[in-house]
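Notes follow the structure.
Counting starts at 1 for both ligands and their atoms, following the listed order.
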Amino acid sequence: MLVAATVTLSLGATPASATGHGHGGAGTPGAPGVGDGYFPAAGNGGYDVLHYGLEIRYEPTSRAFAGVATVSARATDRLSRFNLDLRGFEVRSVTVDGRAARYDRDGQELRISPKYGLSRGERFTVVVRYDGTTGRPTDIEGALYGWVSTPDGSFVANEPEGASTWYPVNDHPTDKASYDFRITVPAGKTAVANGELVEQRTKNGWTTFVWRARDPMASYLSTASVGDYDLRRSTGPRGLPIIDAVDRDLGPDAADGLARTREMIEYFSDLFGRYPFTSYGAIVDDDEDAGYALETQTRPIYSGPPSEGTVAHELAHQWYGNSVSPARWQEIWLNEGFASYAEWLWEEHSGGRTAQARFDTNYARPETASFWNPPPGDPGATNLFAGSVYTKGAMTLHALRTKIGDKAFFALLRSWYSANRDGTVTTADFVRLAEKVSKRQLDGFFQTWLYTPGKPTAW
Ligand code: ARG
Ligand code: ZN
């Protein structure tokens with residue numbers, strides 16, 4: 001699903017779909033990227049994915065992986081050809097609407113030429129069969145991401161563009177879609193994905209787990225982690241299903257950081273608005289590569305037992321990052337600054353340091369500290385997860401709060417969420433809303449905090 005403007009475009013073109021196959025004419029090739037300045041090859045042009053059906057068979061010891069991806073989409077242009085992002089694997093076949101399609105590979109691009117061109121507005125279904133042996137892919141910062149094979153399974157966390165290491169995808173947050181996962185693993189292993197477990201069946205030594213995620217989701221937030229997990233079910237506020245997956249090999253205190261999850265959901269729902277999705281829960285792995293956490297939608301993943309602060313952080317991302325998502329990767333502070341500030345708010349709420357105290361401690365750092373750079377509003381592709389994006393980003397929100405007052409600030413947080421649910425946003429959108437809610441001129445303020453290198457001295 002695309003953001004509002006593009007949806008309007010597709011709807012306007014709906015009659016074209018009635019013309020069916022063979023009337024698309026020659027069309028033109030879809031672009032190999034959506035035009036993200038930080039990741040030019042991420043995503044693709046010319047269509048909008050509505051749904052991914054991912055069928056995966058994975059054997060952790062040999063790391064043998066076989067997939068069948070069914071991608072349902074709608075053309076937003078008249079297309080002779082289009083791309084999906086896919087790295088590695090052998091592609092065995094591609095069909096479009098049941099007919100064999102020609103395809104070739106170029107880096108992370110899988111280029112597909114359907115037998116007939118696609119009309120603007122036409123719905124189509126692509127089925128890609130692929131297989132191979134998985135490894136431990138890394139992003140441009142050298143951090144593990146994507147389908148990361150672990151000794152007992154896989155740790156799957158894709159931010160920013162690692163989804164293409166395990167399925168053919170329009171890999172950019174501007175194209176959200178619903179997902180179904182059908183994951184088959186050796187009996188005794190557990191496969192955990194986003195959403196709810198709708199089926200689990202063991203036959204001939206293999207267990208198939210079917211997970212369904214109905215809410216629109218950005219590809220970087222998808223997961224299908226495999227391991228020695230116990231599934232634990234509980235209930236959150238308003239009957240929200242909570243499904244946690246905790247590695248059996250961890251000690252009895254592995255889930256301590258999760259203990260206040262229900263309270264946290266209540267607190268953030270009061271503050272930001274109703275919890276965005278159909279379920280929640282955590283995946284707690286026993287990968288020795290500790291310290292990695294990702295806010296995978298409805299089900300954050302932790303490489304080891306998380307602290308309470310980290311759990312608050314990943315929960316807050318469900319509103320800021322997952323429901324309200326960055327329209328381009330440059331806007332990463334809208335994820336990390338917000339989730340970090342939410343972590344401060346939770347700590348104050350639960351009787352610890354106040355947000356003001358945390359702001360003050362950080363502000364006391366010398367002008368010369370590397371802490372102040374890069375500017376969170378434009379950190380560069382290799383610094384998406386720099387400390388300043390998190391902490392200077394959180395400080396930006398606290399400074400804004402003291403400037404416009406609590407009433408306007410918390411009203412702003414709420415409308416930022418309610419106005420942009422399931423959508424994608426830019427910092428310019430946030431500045432506009434902040435000015436509207438506070439009735440203040442704030443360009444200079446945001447220029448200082450988000451785009452100017454170094455320590456802010458006046459704002
Ligand atoms: N978004 C994750 C978080 O909430 C961080 C992902 C870190 N990724 C990385 N490549 N370092 O903290
Ligand atoms: Zn984060």
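Numbered from 1 in the order shown, with element, the atoms of ligand 1 that lie under 4.0 Å from a heavy atom of Ala143 read 10 (N). Near Glu295, with a cut-off below 4.0 Å to any heavy atom, the atoms of ligand 1 are 1 (N), 2 (C), 3 (C), 4 (O). Per-residue contacts place Leu294 under 4.0 angstrom from the following atoms of ligand 1 (heavy atoms of the residue considered): 1 (N), 2 (C). Proximity to Asp139 (heavy-atom distance under 4.0 Å) selects the following atoms of ligand 1: 10 (N). Taking every heavy atom of His313 and a limit of under 4.0 angstrom, the matching atoms of ligand 1 come to 3 (C), 4 (O), 12 (O).
Summary of contacts: the protein heavy atom closest to atom 9 (C) of ligand 1 is Phe385 CD1, 3.4 Å. The protein heavy atom nearest to atom 6 (C) of ligand 1 is Glu159 OE1, 3.6 Å. In this structure, the protein non-hydrogen atom closest to atom 5 (C) of ligand 1 is Tyr390 OH, 3.2 Å.
Contacts with ligand 1 closer than 4.0 Å are made by no heavy atom of Tyr145, backbone or side chain. If you look at Ala293 next to ligand 1, the close heavy atoms, those under 4.0 Å, all belong to the backbone. The part of Glu336 lying near ligand 1 is the side chain, judged by heavy-atom distances below 4.0 Å.
The pair Asp36-Arg328 fails the salt-bridge criterion, with no side-chain N (NZ, NE, NH1 or NH2) lying under 4.0 Å from an Asp/Glu carboxylate O. Of the charged side-chain nitrogens involved, at least one lies within less than 4.0 Å of a carboxylate oxygen, so that Arg262 and Glu266 count as a salt-bridged pair. At a threshold of 4.0 Å, the pair Glu196-Arg214 counts as salt-bridged, since one of the basic side-chain nitrogens sits closer than that to a carboxylate oxygen. A salt bridge is absent between Glu367 and Lys455: the closest approach of a Lys/Arg side-chain nitrogen to an acidic carboxylate oxygen does not fall below 4.0 angstrom.
The aromatic rings of Phe181 and Trp166 lie parallel to each other, their planes meeting at an angle below 30°, with 60° marking the opposite boundary. Ring orientation note: the planes of Phe359 and Trp449 are tilted relative to one another, at an angle of 30° to 60°. Ring planes of Tyr341 and His398: tilted class, angle from 30 to 60°.
Considering only residues two or more places apart in sequence or on other chains, Tyr145 meets the ring-ring contact (aromatic ring centres under 6.0 Å, His included) condition with none of them.
Close to ligand 1: His317, with a non-hydrogen atom less than 4.0 angstrom away.
For the residue pair Ser219 and Tyr179, no side-chain donor N or O sits within less than 3.5 Å of a side-chain acceptor on the partner.
The NE2 atom of His317, the Zn ion (ligand 2) and the NE2 atom of His313 define an angle of 100° (nearest 10 degrees).
The N, O or S atom of Glu336 lying closest to the Zn ion (ligand 2) is OE1.
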